[in-house]
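Scroll down for the structure; my scribbles are underneath it.
Just so you know, residue 1 is the first one in the sequence shown, and it goes up from there.
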Amino acid sequence: MRYDLVIFDNDGVLVDSEPIANRILAEYLTELGHPTSYEDSIRDFMGGAVHRVHDLVLERTGRRLPEDFDDTLHSRTFSAFARELQPVKGVAQVLELLAGTGIPYCVASSGSHERIRTGHRAAGLTEWFDEARIFSSEDVGRGKPAPDLFLHAARSMGVEPDRCVVVEDSPLGIQAAVAADIDVYAFTAMTPAERLTGATGHFADMTELSAFLV
């Protein structure tokens with residue numbers, strides 16, 4: 001086997017949630033008086049934990065977001081997931097291949113545990129990820145682009161970082177994997193390859209991923 005552990009990002013890699021989540025986030029920030037386009041949201045927040053939204057808004061405007069911002073954002077996002085969310089095309093086949101060949105895998109996401117599980121239920125991926133395979137930025141002190149989450153996932157799964165590979169689709173996630181000294185393959189479905197610098201390799205279609213893993 002080329003790797004002993006495959007670490008998947010969640011949003012945009014397992015579940016096709018980035019278009020939904022960034023639309024909701026941009027609309028909500030604009031509603032609160034912080035004009036944000038869908039493209040702005042993708043550029044500034046894709047791949048990051050929700051604290052990044054708070055930090056950037058405060059830095060840019062000197063104003064704090066409402067105390068109930070997280071709860072309202074999550075409620076709106078989860079409602080949209082229930083109506084619209086689908087798995088990323090081809091990812092079930094990748095998971096079937098890993099399970100069939102005995103290559104361990106897990107998910108390490110900037111999203112909360114609740115968001116990960118909500119997304120998996122809506123997209124029909126629950127069967128692939130038991131509790132021991134799910135890791136969130138809530139589990140560590142610093143989210144992406146810090147390496148902490150990926151190192152935590154590797155340690156929890158009992159695999160050395162140099163035997164792991166990360167599958168990511170955001171600049172923040174690529175930075176985190178590079179900082180953890182873990183190989184990382186970048187999915188370019190939403191973000192151009194030139195913005196995903198530092199990746200070990202790039203792929204535009206999930207059907208191409210298997211060739212990197214086995």
Side-chain angles (χ1 to χ4, degrees), residues 1-15 17-18 21 44-56 70 73-74 77-78 81 87-88 91 94-95 98-99 101-121 123 125-187 191 196-201 209 212-214:
M1 294 186 297
R2 190 171 299 180
Y3 298 103
D4 295 335
L5 177 66
V6 181
I7 305 174
F8 290 97
D9 175 47
N10 190 56
D11 294 291
V13 171
L14 295 176
V15 294
S17 53
E18 293 292 9
D44 294 340
F45 304 122
M46 181 173 158
V50 70
H51 69 76
R52 179 176 175 84
V53 182
H54 289 267
D55 293 345
L56 282 183
D70 292 11
L73 177 65
H74 290 156
T77 302
F78 295 167
F81 281 0
V88 168
V91 79
V94 175
L95 294 171
L98 295 178
T101 54
I103 300 176
Y105 63 88
C106 65
V107 57
S109 172
S110 292
S112 66
H113 279 282
E114 182 183 11
R115 177 179 172 131
I116 298 168
R117 288 164 174 77
T118 297
H120 286 190
R121 285 193 297 271
L125 295 180
T126 303
E127 66 178 292
W128 298 105
F129 293 92
D130 56 29
E131 293 296 315
R133 297 179 190 263
I134 298 177
F135 304 97
S136 161
S137 62
E138 292 180 322
D139 303 331
V140 295
R142 299 180 301 167
K144 305 169 189 177
D148 304 38
L149 177 56
F150 290 141
L151 293 174
H152 170 65
R155 183 168 56 250
S156 298
M157 296 291 289
V159 180
E160 292 297 320
D162 63 358
R163 295 298 306 154
C164 297
V165 62
V166 164
V167 184
E168 264 287 355
D169 72 328
S170 74
L172 293 176
I174 301 295
Q175 293 171 39
V178 170
D181 201 23
I182 297 176
D183 283 0
V184 54
Y185 289 97
F187 184 35
T191 304
L196 299 173
T197 56
T200 309
L209 177 59
F212 295 127
L213 304 182
V214 297

Would you say the side chain of [Y] lies within less than 4.5 Å of the side chain of [X], judging by non-hydrogen atoms?
| X | Y | result |
| --- | --- | --- |
| Val165 | Ile7 | no |
| Ile174 | Thr197 | no |
| Leu56 | Phe45 | yes |
| Pro171 | Leu196 | yes |
| Arg133 | Val107 | no |
| Leu14 | His120 | yes |
| Val184 | Val167 | no |
| Leu95 | Phe8 | yes |

Minimal non-hydrogen separation, [X] against [Y], with atom names:
| X | Y | result |
| --- | --- | --- |
| Phe129 | Ile134 | O-CD1, 3.9 Å |
| Gly102 | Pro104 | O-CD, 3.3 Å |
| Val15 | Ala123 | CG1-CB, 3.7 Å |
| Gly47 | Glu18 | N-OE2, 4.0 Å |

Test side-chain contact (heavy atoms from CB on, under 4.5 Å) on Ser109 and Phe135 and set out the steps. CA-CA 6 Å; Ser109 172; Phe135 304 97; over 6 Å; no
Mind checking whether Phe78 and Phe81 have parallel, tilted or perpendicular rings, split at 30° and 60°?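 Because their plane-to-plane angle lies in the 30° to 60° range, the rings of Phe78 and Phe81 count as tilted.
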Atom pair [atom1]/[atom2] of [X] and [Y] - distance to nearest 0.5 Å:
| X | Y | atom1 | atom2 | answer |
| --- | --- | --- | --- | --- |
| Ile182 | Cys164 | CD1 | SG | 5.0 Å |
| Arg115 | Leu73 | CZ | CG | 7.5 Å |
| Asp11 | Ser170 | CG | OG | 9.5 Å |

Salt bridge (Lys or Arg N to Asp or Glu O under 4.0 Å) assessment of Asp44 paired with Arg52: CA-CA 9 Å; Asp44 294 340; Arg52 179 176 175 84; 5.9 Å; no
Taking it one step at a time, do Met46 and Thr191 satisfy side-chain contact (heavy atoms from CB on, under 4.5 Å)? CA-CA 10 Å; Met46 181 173 158; Thr191 304; 3.6 Å; yes
Mind running salt bridge (Lys or Arg N to Asp or Glu O under 4.0 Å) on Glu160 and Arg155 for me, showing each step along the way? CA-CA 7 Å; Glu160 292 297 320; Arg155 183 168 56 250; over 6 Å; no
Please tabulate, for side-chain N and O atoms in residues 137-146, each donor-acceptor pair with protein atoms closer than 3.5 Å (sequence neighbours left out).
| residue | atom | partner | partner atom | Å |
| --- | --- | --- | --- | --- |
| Ser137 | OG | Ser110 | O | 2.7 |
| Glu138 | OE1 | His113 | N | 3.1 |
| Asp139 | OD1 | His113 | NE2 | 2.8 |
| Asp139 | OD2 | His113 | NE2 | 3.2 |
| Asp139 | OD2 | Ser136 | N | 2.9 |
| Arg142 | NE | Asp148 | OD2 | 3.4 |
| Arg142 | NH2 | Asp148 | OD1 | 2.9 |
| Lys144 | NZ | Asp9 | OD1 | 3.0 |
| Lys144 | NZ | Ala108 | O | 3.2 |
| Lys144 | NZ | Glu168 | OE2 | 2.6 |

Indicate yes or no for a side-chain donor-acceptor contact from Arg163 to the backbone of Leu5 under 3.5 Å, with no hydrogens or angles considered.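 Checked: no pair found.
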Would you say Tyr105's side chain and Trp128's backbone share a donor-acceptor pair under 3.5 angstrom?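 Answer holds: yes.
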Return each pair, listed once, that meets side chain to side chain donor-acceptor pair (under 3.5 Å) where at least one residue sits in residues 172-183; pairs must be two or more places apart or across chains. Tyr3-Asp183
Intermediate values then yes/no, side-chain contact (heavy atoms from CB on, under 4.5 Å), Leu213 and Leu98: CA-CA 9 Å; Leu213 304 182; Leu98 295 178; 4.2 Å; yes
